[in-house]
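Note sheet for the following structure.
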Amino acid sequence: GENVEQHPSTLSVQEGDSAVIKCTYSDSASNYFPWYKQELGKGPQLIIDIRSNVGEKKDQRIAVTLNKTAKHFSLHITETQPEDSAVYFCAASKGYGGSQGNLIFGKGTKLSVKP
Amino acid sequence: DSGVTQTPKHLITATGQRVTLRCSPRSGDLSVYWYQQSLDQGLQFLIQYYNGEERAKGNILERFSAQQFPDLHSELNLSSLELGDSALYFCASSVNVGGPETQYFGPGTRLLVL
């Protein structure tokens with residue numbers, strides 16, 4: 001089955017610096033790659049996602065890149081702020097027609113942004 | 001606020017007991033997914049329901065079962081509870097009209113088995 005590996009497990013940056021989190025997946029049939037942010041005591045919140053027909057997507061300070069050949073995708077956060085501190089999860093799925101849409105998650109990256 | 005609601009927020013029970021977790025999806029969403037989050041296993045998919053029917057199964061134990069009702073809310077039943085079942089249980093919902101779609105997660109139910 002699908003396996004998603006995520007690195008690093010912890011990341012500490014200074015406010016204003018950039019942060020990069022990388023994930024690799026094993027199943028070439030996967031076609032949807034969301035990123036979730038989870039704050040303490042809360043459920044995962046979608047921050048950005050990318051589909052396999054797109055190589056890059058950007059939303060303000062957040063961007064995601066996808067390399068289908070190498071089967072890896074990355075999250076880039078620029079101009080980090082203390083409120084970006086949280087655990088970030090990458091995920092992959094190969095949903096078609098309403099089935100098999102379940103997400104396979106990486107182990108998470110704990111991001112700390114120091115003021 | 002994702003629009004997905006889960007009750008209860010916290011649940012403390014003893015080994016061997018049975019509990020029911022409830023989830024109401026976002027308005028208009030037909031699919032409900034259940035996930036378990038534990039320190040050692042991370043976030044793992046348990047089961048998916050689509051418009052009342054079971055659609056996909058993941059690493060769900062035989063002691064666990066779920067259903068989705070005509071009003072689209074879902075319940076996850078956990079029986080013969082063991083200490084290792086202590087975890088956060090999340091449900092997520094999506095519209096599911098075809099193709100990969102965004103899943104919106106609820107706030108979770110924290111289960112502690114003593």
Side-chain angles (χ1 to χ4, degrees), chain A residues 1-7 9-10 23 25 27-54 57 59 64 66 68 73 86-110, chain B residues 1-7 9-10 21 23 25-26 29-60 66 68 88-110:
Chain A
E2 173 68 285
N3 182 51
V4 176
E5 294 196 1
Q6 181 172 348
H7 299 280
S9 56
T10 60
C23 289
Y25 61 99
D27 191 339
S28 56
S30 290
N31 56 7
Y32 175 62
F33 308 93
W35 286 87
Y36 286 86
K37 174 184 181 182
Q38 187 176 24
E39 296 174 321
L40 202 59
K42 296 185 178 181
Q45 177 191 7
L46 180 79
I47 55 171
I48 196 166
D49 57 11
I50 192 166
R51 286 163 172 77
S52 59
N53 57 347
V54 175
K57 184 176 177 180
D59 183 4
V64 57
L66 171 65
K68 286 170 55 181
F73 55 114
V87 179
Y88 290 80
F89 292 94
C90 64
S93 86
K94 49 182 179 179
Y96 343 90
S99 65
Q100 298 189 54
N102 56 281
L103 298 170
I104 306 299
F105 284 89
K107 293 291 188 186
T109 296
K110 184 176 182 181
Chain B
D1 184 0
S2 67
V4 179
T5 60
Q6 288 186 250
T7 56
K9 279 190 176 180
H10 303 276
L21 283 51
C23 167
R26 294 188 322 152
D29 284 359
L30 300 178
S31 261
V32 169
Y33 302 80
W34 286 96
Y35 293 86
Q36 180 193 58
Q37 185 175 37
S38 61
L39 281 174
D40 55 342
Q41 296 293 324
L43 266 163
Q44 286 205 310
F45 167 68
L46 295 177
I47 197 164
Q48 177 200 1
Y49 275 81
Y50 172 72
N51 204 18
E53 294 185 3
E54 182 184 303
R55 188 58 71 97
K57 257 185 175 178
N59 299 322
I60 188 166
Q68 186 178 27
L88 271 166
Y89 292 84
F90 290 104
C91 81
S93 73
S94 69
V95 174
N96 245 152
V97 293
E101 294 174 341
T102 299
Q103 291 184 28
Y104 297 90
F105 281 74
T109 293
R110 184 176 293 276

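Letters A, B, ... are given to chains in the order of the sequence lines, protein chains preceding strands, and every chain is numbered from 1.
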**Report entry** Within-4.5 Å side-chain heavy-atom neighbours: B:Tyr35 and A:Asn102
**Finding:**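 They are in contact (side-chain heavy atoms under 4.5 Å apart), so the answer is yes.
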Query raised in the report: Just how far is it from atom CZ of B:Phe45 to atom CG of A:Leu103, taken to the nearest 0.5 Å?
Result: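 Atom-to-atom, B:Phe45:CZ and A:Leu103:CG are 9.0 Å apart.
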Query raised in the report: Can you tell me how far CG of B:Leu43 sits from NZ of A:Lys107, rounded to the nearest 0.5 angstrom?
Result: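 One finds 9.5 Å between NZ of A:Lys107 and CG of B:Leu43.
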**Report entry** chain B contact via A:Gln45 - side chain, backbone, both or neither, heavy atoms under 4.5 Å
**Finding:**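 Nothing of A:Gln45, per the 4.5 Å heavy-atom cut-off to chain B.
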Query raised in the report: Checking heavy atoms, do the side chain of B:Thr102, its backbone, both or neither come under 4.5 Å from chain A?
Result: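 Both parts, backbone and side chain.
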Query raised in the report: Which answer fits B:Asp40, side chain, backbone, both or neither, if we ask what part of it has an atom under 4.5 Å from a heavy atom of chain A?
Result: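 For B:Asp40, the contact with chain A is made by the backbone alone.
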Requested in this report: Between chain A and each of B:Gln37, B:Gln44, B:Lys9, B:Gln41, count heavy-atom pairs under 4.5 Å; write down the option with the most.
Outcome: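 That would be B:Gln37.
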**Report entry** Selection from A:Ser52, A:Gly43, A:Ala91, A:Gly106 maximising heavy-atom pairs under 4.5 Å formed with chain B
**Finding:**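 Highest number of heavy-atom pairs under 4.5 Å: A:Gly43.
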Query raised in the report: Who are the salt bridge (charged side-chain N to carboxylate O under 4.0 Å, His left out) partners of B:Arg110, not counting sequence neighbours?
Result: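 So B:Arg110 forms no salt bridge (charged side-chain N to carboxylate O under 4.0 Å, His left out) with any residue.
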Query - Partners meeting salt bridge (charged side-chain N to carboxylate O under 4.0 Å, His left out) with A:Glu39 (sequence neighbours left out) - result: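 Here the qualifying residues are A:Lys37, A:Lys42.
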Query raised in the report: Where do B:Gln103 and A:Tyr36 come nearest, in terms of heavy atoms and distance?
Result: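 Minimum heavy-atom contact is O-OH, 2.6 Å.
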**Report entry** Least distance between heavy atoms, A:Pro44 atom then B:Phe105 atom
**Finding:**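 Here A:Pro44 and B:Phe105 meet closest at O-CB, 3.3 Å.
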